[in-house]
Amino acid sequence: MARTETAPASEVLVIGGGIIGLGVAWRTAQRGLSVTVVDPAHGGGAVQVAAGMLAPVTELQYGEEPLLRLGMASNERYSAFTAELSAFTGLDTGYRQTGTLAVALDSDDREELRELHGFHQRLGLDSHWLTGRECRKLEPMLAPGVRGGLHVTDDHQVDGRRLAAALVEGCPRAGVRLVRASVAELLVTGGRASGVRLADGSELAADKIVLAAGPHSHRLPGLPEGVLPAIRPVKGQILRLRIPEPYRPFLSRNVRAVVRGQHIYLVPRANGELVIGATSEEQGYDTTVTAGGVYELLRDAHELVPGLTELPLVETSAGLRPGSPDNAPLLGPTALPGLVAATGHYRNGVLLTPVTADLLAEYLATGEVPALAAPFTPSRFTTKAAA
Ligand code: GLY
C-alpha cells in the first residue's frame, strides 16, 4: 500500500536537482531558508553533456539584448561564484578564463561575422576583428583557409560535470536536504502550490515550490493548465576527445564557427579534454547518439581544425536543452501562487546558473522580483486558463 505520511515542511522545495535547481537551493539556503531538492539523481541533466562554454557575446542573436544583459551579468559573477563554491567544498569546477575565437571559413561567413562585429560594437561589447593570419597566430591548429574572426576576450568556460559535483557537495554542507526520489505529482491546496507527492506515495510540503525540471517542467502531473508553456526538448549531441600530452595545448581558447548553417564549437579543458558540440535537433525526448550526428560534428570540426582527427575519441553523448517558446528562461513567480519557475534556459543553462541562483534566492528571501529578472517573468506566457 502507498505511504502517505507527510515529511516536515521546508520553506522552499525545489523540483529538479540539475545545476539550476542546485544553484538556487545553495544560494537560498545561504539566505537562511530551509530548502529541500527532489531529484532521482542530483547533479544530472543537460549539464552532464554540456561543453560548458560561457558565451553571452559569441552566442548572441539579433533581438536578444535582454538575454545578453542577463548572460553578461551571470558571466561577471562566474569567477566569484565558482571561487566561493570551491572554497566551500574543496572541489575545483574547472572555471577557466580563456576567451573565445569565432572564425569564418568562407567569404559569406566572414560577411556575417563582420555584421555581428558591428552589432557587438554598437552594444559596446569587447569584441575584436582579426584577419585569418591573426587568428592562426592565436591558434596555430586552425585550418589555413580561415578567413578572419572575432576575438571575444570575456567568453570563458567551466567544466559542467565538475560544477555539478561541487554543487551536489555544497548543498548539504549549506543545510540543503537532498531527497533522492521522483516527483509523481504537484499538490495544490486552496488554489496554492503546497507540496509534492513522491513516487512512493509520501508527501513533502513547502511554502514555496521552485520548478526547475528543465524540459520536463511543464509535464509535471498536477500542474494546472496554462501556468507554464511547453518547454521543448532540443537535443544536442556532443563529442569528447583527449589531447595527449605531446599535442598540448592544441587549442588555447574556445573556438567556434558556423559551418553549413550549423554552430560548431571546440572547448579545450586544462585537463586535456577537448569537447566538440553540438547538434541541435527538435525531435522529442530521444537522447540516442546517432552515426549522422557524430559524422556531422566530426566533419565540421575537421574543417575548422584538421589536426583533430589524430586525437582519441573517448565519449559521445546526447542531452536535452530546455527551450521556452521565446528561447529565454522563465524566472520567478508563476500564475499559481506558491509556484516559482527556474526553467527554460535553452542553450544557456550553464552560463545562467549563477545569476539564476542569485535572482531566485533574492525573490525567495524577500518576495521582491529583482529588476534583472523582470523581463523573464513566466507571466509573459500565462494563458487565460491559469490567470
Ligand atoms: N550553449 C551551447 C549549446 O547549447 O549547444
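Numbering of residues begins at 1 and proceeds along the displayed sequence. Side chains are part of it too, since the values below use all heavy atoms of this structure and drop only hydrogens, waters and symmetry mates. Indexing begins at 1, ligand by ligand and atom by atom, following the structure's order.
Ligand 1 lies within reach of Tyr265, whose nearest heavy atom is under 4.0 Å from it. Not close to ligand 1: Met53, with no non-hydrogen atom less than 4.0 angstrom away.
A side chain to side chain contact (heavy atoms under 4.5 Å, CB included) with Leu22 is found for exactly one of Val176, Leu178, Val47, namely Leu178. Just one of Trp26, Phe88, Tyr95 meets the ring pair (Phe, Tyr, Trp, His ring centres under 6.0 Å) condition when paired with Phe81; it is Trp26.
With hydrogens and angles ignored, the 3.5 Å screen pairs no side-chain donor or acceptor of His151 with any backbone N or O of His128.
Taking atom 4 (O) of ligand 1 as the reference point, the nearest protein heavy-atom neighbour is Arg321 NE, 2.7 Å. Protein heavy atom nearest atom 1 (N) of ligand 1, with residue, atom name and distance: Arg347 O, 2.7 Å.
For the pair Asn348 and ligand 1, the shortest N or O to N or O distance does not fall below 3.5 Å.
When each atom of ligand 1 is checked for a heavy atom of Ala278 under 4.0 Å away, the hits are 5 (O).
Hydrophobic cluster membership is shared by Leu33 and Leu359, with clusters built from Ile, Leu, Val, Met, Phe, Trp and Tyr side chains linked at under 4.5 angstrom.
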Step by step, work out the side chain to side chain contact (heavy atoms under 4.5 Å, CB included) result for Tyr78 and Val350.
CA-CA 10 Å; Tyr78 238 101; Val350 181; 3.5 Å; yes

